[in-house]
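Here's the structure we're looking at; comments come further down.
All values below were derived from every heavy atom in this structure, side-chain atoms included, with hydrogens, water molecules and symmetry-related copies excluded. Indexing begins at 1, ligand by ligand and atom by atom, following the structure's order.
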Amino acid sequence: MSFDLTLYLVTDSTGLEEACFLQKVESACKGGVTLVQLREKERPGREYLEMAHKVKKITDAYTIPLIIDDRVDVALAVDAAGVHLGQSDLPIDVARRLMGPDKLIGATAKTVEQALKAVKEGADYLGVGAIYPTTTKVKTVLTKVSTLNEIGEAVGCPIVAIGGLNGENCEILKDSPIAGIAVVSALMKAENPEEAAKQLKEKIQAWKNNL
Ligand code: TZP
Ligand code: MG
């Protein structure tokens, strides 16, 4: 399946009414995000599934692939484009067996070793970070830009950078071997996610054209 990591929205519904959350996701889709990851750490499986159905209606309307964080079962149940797996989720080769060759599998990698292992096991793209400290609830440590660059040089698959990134600070990555950036707050906390997405995407596309 073809996919574009240019501007990757990772959702966060914490503290938001459902309607407001879905509105923000839709607004970001309108603004041109190229991939959406539904990330629900607190919801039990059934609620996660219900939310996934609702978000998939939106992403389908904008023909944007939907990735489900952590849960292969939820991804398969809603026929999402794929799943994103961290170091403590199902192993990538197991997920690949369950999902088949056509679904996307993204993996988090913080070291060259983890990156090479993930690609060997069948990951289609890697998420690398956190590049900056983040206010989003996540168990992570910072990844140096130099490590991100080493990972990019070591692996043959596309990389998306994540962690504290926004329109003001993402310039630091303009010479890095990345396919795009992934953000939570820069879009989910924006007053106008559509406008924020448009601006961020233009910036990233401008670097990509200069690479
Ligand atoms: N993984 C590493 S940092 C992060 C995740 C899921 C959260 C990024 O959120 P934000 O708000 O864009 O810093
Ligand atoms: Mg995970």
Side-chain angles (χ1 to χ4, degrees), residues 5-16 21 24-25 28 31 33-45 48 51-52 55 66-76 80 82-96 98-99 103-111 114-115 117-118 121 123-145 147-148 151 159-173 176 178 180-191 193 196-197 199-201 203-204:
L5 294 171
T6 303
L7 182 56
Y8 185 147
L9 169 68
V10 179
T11 68
D12 182 6
S13 64
T14 315
L16 293 174
F21 167 69
K24 279 179 181 278
V25 172
V33 301
T34 54
L35 214 75
V36 173
Q37 180 191 128
L38 179 64
R39 181 173 182 269
E40 292 288 346
K41 295 293 189 196
E42 311 291 335
R43 288 184 203 273
Y48 201 163
M51 191 55 101
V55 171
L66 174 67
I67 303 286
I68 302 293
D69 188 39
D70 294 343
R71 298 281 300 254
V72 169
D73 53 351
V74 175
L76 286 172
V83 72
H84 187 91
L85 301 170
Q87 296 294 321
S88 54
D89 298 316
L90 283 188
I92 295 161
D93 50 355
V94 174
R96 177 58 73 203
L98 294 170
M99 299 192 77
K103 295 289 186 188
L104 292 179
I105 300 184
T108 300
K110 295 185 178 298
T111 62
Q114 283 178 0
K117 184 165 184 279
E121 288 179 354
D124 296 297
Y125 75 87
L126 299 176
V128 178
I131 303 301
Y132 288 109
T134 173
T135 52
T136 297
K137 199 173 159 206
V138 60
K139 282 187 223 132
T140 191
V141 291
L142 294 186
T143 300
K144 289 186 188 143
V145 175
T147 305
L148 169 88
I151 292 174
I159 288 179
V160 64
I162 188 165
L165 294 166
N166 58 47
E168 271 82 63
N169 66 17
C170 64
E171 290 279 332
I172 194 177
L173 299 172
S176 291
I178 55 169
I181 72 167
V183 297
V184 182
S185 314
L187 297 182
M188 295 304 298
K189 291 200 179 145
E191 233 164 78
Q199 287 180 13
L200 207 46
K201 191 175 175 185
K203 199 166 228 179
I204 304 159

> When you measure from the Mg ion (ligand 2) to each N, O or S atom of D89, which atom gives the shortest distance?
Replying inline: OD2
>> Could you identify the N, O or S atom of D70 positioned closest to the Mg ion (ligand 2)?
In response: OD1
>> Please determine whether D69 has a backbone or side-chain N, O or S atom lying under 2.8 Å from the Mg ion (ligand 2).
In response: no
>> Are there over 12 heavy-atom neighbours, none belonging to K137, within less than 6.0 Å of that residue's NZ?
In response: no
Tell me whether [X] has any N or O atom under 3.5 angstrom from an N or O of ligand 1.
{"X": "T134", "answer": "yes"}
{"X": "R39", "answer": "no"}
{"X": "G164", "answer": "yes"}
{"X": "V184", "answer": "yes"}
{"X": "S185", "answer": "yes"}

>> Tell me the protein heavy atom at minimum distance from atom 2 (C) of ligand 1, and give that distance in Å.
In response: I162 CG2, 3.7 Å
> Hey, does L126 have a side-chain heavy atom less than 4.5 Å from the side chain of Q114?
Replying inline: no
>> Any non-hydrogen side-chain atom of L38 less than 4.5 Å from a side-chain atom of Y48?
In response: yes
>> Tell me the closest heavy-atom pair linking V183 and L165, and the distance in Å.
In response: CG1-O, 3.5 Å
>> Less than 3.5 Å apart, any donor N or O on the side chain of T140 or K110 sitting next to an acceptor on the other?
In response: yes
> Cut-off 3.5 Å, side chains only: do R39 and T136 have a donor facing an acceptor?
Replying inline: no
